[in-house]
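In what follows, chains are A, B, ... by sequence order, proteins preceding strands, each numbered from 1.
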Amino acid sequence: MSIKPARTRIAPSPTGHMHLGTARVALYDYLLAKKTGGQFILRIEDTDLKRTVPGAEQEIFDGLRWLGLQYDEGPDVGGKFGPYRQTERREIYQQHAKILINNGSAYPCFCAPDRLEKVKQEQNARKENPHYDGTCRVLAPDEAARRIANGEAYTVRFKMPHDGVTVAHDHLRGDITIENKQLNDYVLLKSDGLPTYHLAAIVDDHEMQITHVLRGSEWLGTFPLHVNIVRAFGWDEPIWIHLSVFLKPSGKGKMSKRETAAAMKDGYSIFIKDMEELGFTPEGVLNWSALMGWGVAEDDVMTTAQMLDRFSVDGLTPSPAAINFQRLDHFNATHIRLFTATDLAARLKPYLIREGLNVDEDALLKIIPLIRERLVTLDDCIAFGGFFFKDEVTLAPEDLIAKGLDAKQSAEIARKSYEILSALASMDHASAEPPMRAYVESSGLNINQIFGIIRVAVTGQKVSPPLFESMEIIGKEKCLQRIKNAIGILEKI
RNA sequence: GCCCCCAUCGUCUAGUGGCCCAGGACGAAGCCCUCUCAAGGCUUAAACCGGGAUUCGAAUUCCCGUGGGGGCACCA
């Protein structure tokens with residue numbers, strides 16, 4: 001079976017932060033293109049000047065690169081189908097609007113916005129569905145031409161058939177049939193000369209030879225319109241694939257500002273730019289979002305290469321998916337365990353530096369095996385390994401007192417441990433652990449009581465990587481110094 | 001209000017008429033391992049929205065409800 005190379009595109013608007021939904025569609029686009037030996041394209045849909053926000057475009061570039069979804073063509077990489085920013089393609093859309101006017105599929109409309117608003121209100125009052133009333137649809141072509149020549153402001157509207165139905169075919173959902181009278185004479189070209197999405201996307205997808213259009217299900221409503229526009233041009237349709245939207249964790253409705261803020265409070269985000277800062281990996285984020293809307297039978301932990309191997313648009317699902325951040329944790333943690341030690345060390349380093357720690361590369365490499373399976377996010381390395389890079393640890397005195405014992409008894413344990421450990425030639429764990437275990441045996445105390453005191457003394461925390469392996473890396477001198485310090489604290493209680 | 005889409009464990013999903021008293025994963029519970037915390041191993045609970053129809057046989061096809069989602073801009 002031969003597969004034709006697919007050309008896919010992600011076409012975000014630079015109107016806000018790049019979010020998870022965009023990342024997921026981009027992933028599927030990327031997988032489909034790469035799997036078939038085709039191209040993945042980035043196109044910026046910036047035709048709404050009022051909503052464009054500075055920096056949003058750069059955030060998209062950065063987000064896609066961070067995810068590893070490098071596009072073959074785009075505003076900042078070029079390509080032979082450019083420009084890839086819609087505001088730079090204004091003339092192309094105007095020419096195409098003209099084609100539609102000339103072949104009777106569209107018409108200039110001179111209606112002023114305030115009149116349109118009034119019409120809409122009247123229709124609402126009569127409980128009719130809001131729609132353009134068709135005033136300019138019946139204008140004689142020569143009169144329209146005259147008014148344009150006179151410099152009157154106008155838009156171009158699509159001449160939607162009044163009768164019959166439109167059948168549009170979605171690859172996942174099959175035929176979608178809608179009565180044409182439900183559709184409006186939508187504006188294709190705005191009075192500022194820029195196109196609306198409806199014209200711009202259709203023209204660009206054709207001009208850029210896009211074979212598969214993957215987009216959100218919010219486009220399903222105007223899908224038949226888009227199909228009609230393609231047909232009015234006499235073009236072949238791409239394969240249409242409408243993915244469903246993400247729902248908020250409760251499953252009730254899509255992510256709102258409130259939900260987004262709530263997620264942030266829990267250390268999660270739906271904005272790609274936040275992911276790195278929160279300690280998530282591209283691998284984890286990709287794997288997680290891939291599986292919301294794509295079913296794989298088993299073994300769902302996948303690298304991008306493995307996803308590439310298994311991906312098929314036929315495996316995509318049309319039903320809405322609730323965001324589940326616990327799964328993000330799972331995939332992120334799992335991928336962290338898959339990284340090589342040197343790779344992981346390199347990824348951890350920035351977080352340690354961000355914390356103001358002096359990172360010793362050799363030590364970092366040595367602690368990787370100790371902390372790796374404890375990390376859910378990359379920045380967890382601070383909690384599990386920050387003490388390796390500090391000269392002194394600060395600790396809560398009460399943590400030094402073992403359960404069931406008092407300060408005096410705890411101090412005694414610390415002194416005895418100091419004695420045992422200071423007698424050692426080296427602090428390697430193979431040498432340190434047996435005598436300490438022997439001490440536990442002879443003391444009649446609980447192992448947790450004794451090791452717990454030393455753990456807090458040496459690491460400054462009640463939870464840490466394995467004690468003796470940690471002490472080996474910290475080194476004898478520093479360990480003894482910290483225990484001595486702990487004894488001092490205990491004696492003062 | 002009108003239109004469109006969707007519907008399997010709490011969540012993401014497998015399942016394309018018999019292999020399903022429905023499989024996997026996250027999460028939950030229990031046990032094992034264990035110096036804390038993890039990781040790992042084993043085990044358990046947990047679903048085909050309801051009703052009709054087609055069929056020898058339906059989670060799987062069709063219809064009707066119900067529920068959920070999306071849309072109805074000179075926004076995308």
Reading nucleotides 59-66 of chain B from the 5' end, what letters show protein touch, with B for base, S for backbone sugar-phosphate only, - for no heavy atom under 4.0 Å? --------
Inter-nucleotide C1' distance (B:A76, B:G40), Å rounded: 48 Å
C1' gap between B:C3 and B:C12, integer Å: 29 Å
Distance, P atom - from B:U8 to B:A28, rounded to whole angstrom: 23 Å
Which nucleotide in the set B:C74, B:U11, B:G69 lies at the smallest distance from any side-chain heavy atom of A:A322? B:U11
Are the charged groups of A:D205 and A:R9 less than 4.0 angstrom apart, N to O? yes
Closest to the A:D300 side chain: B:C2, B:C12, B:A25? B:A25
Just compare B:A76, B:G70, B:A73 and give me whichever is closest to any side-chain atom of A:K254. B:G70
Return the pairing partner of B:G1 with a 3.5 Å limit on both distances, Watson-Crick or G-U wobble; otherwise return none. B:C72
Report which part of the nucleic acid A:S217 touches: base, sugar-phosphate, or nothing (heavy-atom distance under 4.0 Å, all strands). sugar-phosphate
Aromatic plane relationship, A:W219 with A:Y197 - under 30° parallel, 30 to 60° tilted, over 60° perpendicular: parallel
Rounded to whole angstrom, note down the P distance from B:C31 over to B:G24. 22 Å
Tell me whether the side-chain N or O atoms of A:N324 pair up with the base of B:G27 as donor and acceptor below 3.5 Å, since no angle test is needed here. no
C1'-based separation of B:U44 from B:C5 [nearest Å]: 38 Å
Using the C1' atom as the point on both nucleotides, what is the distance between B:A22 and B:A58, in whole Å? 13 Å
Within residues 151-166 of chain A: residues closer than 4.0 Å to RNA chain B (heavy atoms): A:T155, A:R157
Of all the choices, B:C6, B:C5, B:C74, which nucleotide is nearest to the side chain of A:L220 once you look at every atom? B:C5
Under a 4.0 Å heavy-atom cutoff, the residues of residues 170-178 of chain A touching RNA chain B are A:R173, A:I176, A:T177, A:I178
How far, in whole Å, is B:C48 from B:G15 if one measures between their C1' atoms? 10 Å
Of B:A76, B:G24, B:G70, the nucleotide closest to the side chain of A:R327 is B:G24
Is A:D114 salt-bridged to A:K118, cutoff N-O under 4.0 Å? no
Please work out if A:W288 contacts a base, only the sugar-phosphate, or nothing of the nucleic acid, heavy-atom cut-off 4.0 Å. nothing
If you take the centroid of each ring, where Trp contributes its six-membered ring, are A:Y84 and A:Y71 closer together than 6.0 Å? no
For the P atoms, the ones on B:G10 and on B:C6, what distance do you get once it is rounded to whole angstrom? 23 Å
Using 30° and 60° as the class boundaries, would you call the ring planes of A:Y28 and A:W294 parallel, tilted or perpendicular? perpendicular
Residues in ring pair (Phe, Tyr, Trp, His ring centres under 6.0 Å) contact with A:H330, at least two apart in sequence or another chain: none
Contact pattern, 5' to 3', of nucleotides 28-39 of chain B - B, S or - by protein heavy atom under 4.0 Å: -------BBBBS
Taking pairing as Watson-Crick or G-U wobble with both contacts under 3.5 Å, can you name the mate of B:C19, or confirm there isn't one? none
For A:T317, report the nucleic acid contact type (base, sugar-phosphate, nothing); a contact means any heavy atom under 4.0 Å. sugar-phosphate
Checking A:R415 now: which residues fulfil side-chain contact (heavy atoms from CB on, under 4.5 Å) with it, not counting sequence neighbours? A:A411, A:E412, A:I487, A:E491
